[in-house]
Amino acid sequence: MINASTSSCGVLPGLNGLLSRYAESMLWLARYMERIENLARLMEVTEAFVRGPDGQTGWDSIIQINSDEVAFYALHTKATEADVLAFYITEQANPNSIKAMAHAVRENARSVRPLISTEMWAHLNMFTRWMLDLQFADIRLDSLSNICNRLKQECQTHYGITEGTLYRDQAWLFYMLGKQLERSDQITRLIDIRYHTLLPHGEKAGSDLDSSQWASVLRSAAAYHAFRRLQPVTTTPENVVGFLLKNEGFPRSLATSLSTFDALLAMLAAHKSLRRQCIPVQERAAELRVTLQEQTAQDMIVRGLHEYMQWIQTQIHHIQNDIAAAFWPPAAPLAPPPLSQTQTQTQTQG
Amino acid sequence: MTHTTTTAPLHMPGLFAPYQIPDFFCELLNRKEPAPPALQDILHRIDGYSLEELRHRAASAEAQLYKAGITFTVYSDSKAIDRILPFDILPRVITAKEWAHIEAGVQQRVAALNLFLYDIYHDRAILRDGIVPAELVLSNPNYCQAMVGLKVPGGVYVHINGTDLIRDQSGRFLVLEDNARTPSGVSYVIENRHMMLRLMPDLASALPLRSVDEYGLKLHQSLCEVSPHGVTDPQVVLLSPGIFNSAYFEHVFLAREMGIPLVEGKDLLVENHRVYMRTVMGLRPVHAIYRRLNDDFLDPQVFNPTSMLGVPGLVEAYRRGNVTIANALGTGVADDKAIYAYMPRIIRYYLNQDPILGSVQTHICAEPEGLAYTLANMDKLVIKPVGESGGYGLIIGPQATKAELEAFRTLLVANPSNYISQPVINLSVSPTLCPDGIEARHVDLRPFAVTGRSTWVLPGGLSRVALRKGSLVVNSSQGGGSKDTWVLAS
């Protein structure tokens with residue numbers, strides 16, 4: 001969607017001076033939709049492919065990916081399939097559950113309803129209602145993959161409607177920025193946790209590991225077949241990590257998300273009254289890209305993949321905060337305090 | 001209740017064969033005068049459908065309304081339930097001649113309301129001259145001290161007005177009440193038309209229907225016309241209580257139709273008595289606010305100090321002429337049910353004209369004669385609390401049990417000035433798709449008038465229909481639905 005011609009065309013048409021609240025809601029709408037899709041994929045792949053050393057399905061890895069250990073074990077004693085699914089699909093108290101995210105999507109969509117296309121709204125209206133009505137009984141084992149498939153498809157329908165109908169002004173830019181941020185965040189979480197689940201004791205890369213486990217990492221990111229085309233013979237940790245982080249053709253790789261993010265920011269900064277506000281965000285994003293370009297996957301693994309992934313997540317968190325500070329600064333003390341800070345409370349995962 | 005003999009209803013085979021119109025004026029089948037050709041045409045087209053077809057289309061309408069989120073929200077047990085306003089697929093039709101009458105009547109009424117409001121916030125001539133009791137106005141809870149002596153642009157207080165009209169047994173249009181605060185429902189007028197054209201294109205095709213699509217444009221234009229002096233390209237916003245308000249859909253609809261931002265109080269800020277909105281590019285000036293927030297919530301510095309919905313300092317900015325607020329503050333005193341009784345006199349006083357639209361005879365229980373009459377005739381009257389809306393708290397004498405009447409008598413005697421009474425009007429009916437086929441149901445009509453430099457009336461209006469058999473209460477909170485309103489151009 002972003003290409004050189006759109007990013008060089010200067011100021012976007014249409015609304016100048018988007019309401020800060022709209023910008024915030026557009027960004028979070030996109031983030032939550034991405035997060036829902038990622039969670040659906042993760043659950044589906046976990047059920048089908050992920051096995052721990054004892055051959056049991058690795059449901060606990062989902063908890064780790066989302067940094068939800070504390071919240072989960074406050075409610076449950078063991079990461080059984082039923083408990084993990086309940087926690088991630090129907091648990092209202094978990095801000096990362098499908099139900100809680102559906103609620104967040106719905107409220108953000110309602111807030112920006114004057115801006116988004118009626119087609120977008122009509123779809124989100126029905127989709128979020130369906131998610132909010134999901135019952136635990138719906139997630140019997142045999143239908144988990146059906147539910148996950150529907151979740152993914154509805155998210156993808158949403159992206160398609162958005163691509164085809166959302167007017168491309170500042171509101172669209174904030175939506176797209178949120179999408180790239182969430183993708184960047186999700187891919188680093190996935191790599192971080194899966195990598196260490198598969199190499200629990202810092203075993204050297206290249207150990208004799210079940211290659212189907214690496215395939216599951218790729219499947220969680222919808223990257224399996226693309227990877228196969230590129231690496232038809234060898235599936236090594238370096239290859240997988242390198243593909244998911246550095247490949248410029250794969251739509252969910254960190255490199256793709258970050259370069260798209262940069263191009264979007266450039267469009268925002270093309271407006272003269274926004275240039276200054278974009279600078280801190282641009283600087284941080286540039287730093288991220290440089291570290292990614294300068295290292296090979298093997299460098300990252302040797303130097304400590306976990307630390308690098310954690311650092312990237314921290315940077316993404318800072319970028320989110322920089323954006324908030326620049327575009328929706330808190331109201332001055334004299335004004336009434338904002339009614340709802342739910343997003344800033346639920347936005348972070350760790 | 002009078003029972004005049006009416007001309008015999010049309011006898012038609014097919015769909016309308018079992019249709020029974022008691023004594024009422026029927027918008028389609030019993031107009032007591034030869035129906036214009038377009039109307040007969042519509043009638044015959046409807047008659048060409050089968051009941052199954054109509055039901056199928058009605059079900060489709062409901063599904064579409066739900067999907068599109070054309071809903072209002074009801075909160076119960078902390079759960080939000082989205083409801084659609086039931087939509088009847090048979091249109092309510094208004095002839096060109098009737099519309100010309102309504103339009104002129106509404107314009108006259110809006111003119112009188114604005115002159116009245118100006119007067120009571122300035123010279124109070126009408127009170128001095130004893131036309132309207134001073135106490136009724138000055139002690140009215142909706143009389144707004146902040147408005148006293150304030151000159152509003154163009155002398156317009158009521159920029160958006162909804163006039164509730166009913167028709168009596170002879171087909172005469174009567175004003176039932178004015179809605180001069182923040183009248184709602186116009187989004188349904190336009191959405192109903194869109195729905196109708198999608199759903200029943202064969203019914204509407206080639207008929208001379210007046211379009212309802214101009215509303216957003218006219219409203220925006222009017223608000224620009226009354227923006228503060230010297231502003232060339234005014235920024236208009238719609239101020240909504242937010243996504244949890246039951247009428248949020250309408251706020252979204254109107255903001256979209258006008259192409260303006262929908263803001264909440266927290267999006268606005270007053271600095272140096274000027275209003276700004278918070279945008280990604282910093283603070284941007286705001287010149288006119290179409291508010292869908294009651295007076296009480298607009299500014300915690302002036303009204304309810306605990307309210308978080310409004311904007312501190314807004315009223316002072318308004319008083320200094322830096323921002324236009326539509327409707328103006330303090331208009332609630334003019335659409336009060338007690339003031340209503342004086343409207344014919346108010347119209348004559350300011351305009352020196354007879355009212356074009358009739359009123360329903362009204363007994364003011366605050367006055368001893370009004371109370372005495374009401375108490376003596378409870379079983380024949382509708383008795384309404386003056387401060388309520390939505391059809392709450394009223395009693396329809398002829399339909400009430402003895403016990404209900406006695407209970408109401410106690411309320412009335414305890415606080416007579418809270419009530420007015422009116423004779424029961426047998427509202428006109430319009431054919432409506434019901435579980436047992438097409439039946440007569442009572443309807444009213446709320447045309448919307450927009451006033452800037454002049455007053456424009458949207459050709460149409462919200463036709464509400466009491467879906468329960470025999471019910472005279474059309475409010476959505478009391479089992480009412482709506483119909484598309486077709487104004488014929490010729």
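Lettering of chains follows the sequences in order, A, B, ..., and the numbering in each one begins at 1. Atom set for the values below is all heavy atoms of this structure, side chains included, hydrogens, waters and symmetry mates excluded.
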Practice task
Grab the two heavy atoms, one from S273(A) and one from M281(B), that are nearest each other, plus how far apart they are.
Solution key: OG-CE, 3.3 Å
Problem - Portion of L274(A) that has a non-hydrogen atom of chain B nearer than 4.5 angstrom - result: side chain
Completion exercise
R113(A) and I70(B) have their tightest heavy-atom pair at NH2-N, 4.3 Å
Problem - Region of V263(B) in contact with chain A, defined by heavy-atom distances below 4.5 Å - result: both
Exercise for the section: Please say whether more than 12 non-hydrogen atoms of neighbouring residues, nucleotides or ligands are located less than 6.0 Å from CZ in R198(B). Expected result: yes
Practice task
Write out all pairs satisfying side-chain hydrogen bond (donor to acceptor under 3.5 Å, both in side chains) with one or both partners inside residues 274-285 of chain A, taking only residues at least two apart or from two chains.
Solution key: R284(A)-D322(A)
Exercise for the section: Please confirm whether the backbone N or O of A68(B) pairs with a side-chain atom of W121(A), one donor and one acceptor, at under 3.5 Å? Expected result: yes
Result block: side-chain N/O donor-acceptor pairs under 3.5 angstrom for residues 128-139 of chain A, not counting sequence neighbours:
| from | atom 1 | to | atom 2 | distance (Å) |
| --- | --- | --- | --- | --- |
| T128(A) | OG1 | R106(A) | NH1 | 3.0 |
| T128(A) | OG1 | L124(A) | O | 2.6 |
| T128(A) | OG1 | N125(A) | O | 3.3 |
| R129(A) | NE | Y66(B) | OH | 3.2 |
| R129(A) | NH2 | N125(A) | OD1 | 3.4 |
| R129(A) | NH2 | D82(B) | OD2 | 3.3 |
| Q135(A) | NE2 | D133(A) | O | 3.1 |
| D138(A) | OD2 | Q135(A) | N | 2.7 |

Exercise for the section: Any chance you could measure L19(A), atom CG, to K266(B), atom NZ, to the nearest 0.5 Å? Expected result: 11.0 Å
Practice task
Determine whether more than 12 heavy atoms belonging to other residues, nucleotides or ligands lie under 6.0 Å from atom NZ of K67(B).
Solution key: no
Handout entry: L115(A) vs R256(B) side-chain heavy atoms within contact, under 4.5 Å
Key = no
Handout entry: Max heavy-atom pair count under 4.5 Å with chain B, selected residue of R110(A), M126(A), R21(A)
Key = R21(A)
Handout entry: Among I243(B), L238(B), I260(B), V270(B), residue most engaged with chain A (heavy-atom pairs, under 4.5 Å)
Key = I243(B)
Practice task
Flag the pair Y22(A) / V280(B) as yes when at least one side-chain heavy-atom distance between them is below 4.5 Å, and no otherwise.
Solution key: no
Exercise for the section: Find out whether R278(B) and F327(A) are in side-chain contact, i.e. whether some heavy atom of one side chain is under 4.5 Å from a heavy atom of the other. Expected result: no
Practice task
Could you tell me whether a side-chain N or O of S20(A) sits under 3.5 Å from a main-chain N or O of T279(B), the two making a donor and an acceptor?
Solution key: yes
Problem - H220(B) atom NE2, over 12 foreign heavy atoms within 6.0 Å - result: yes
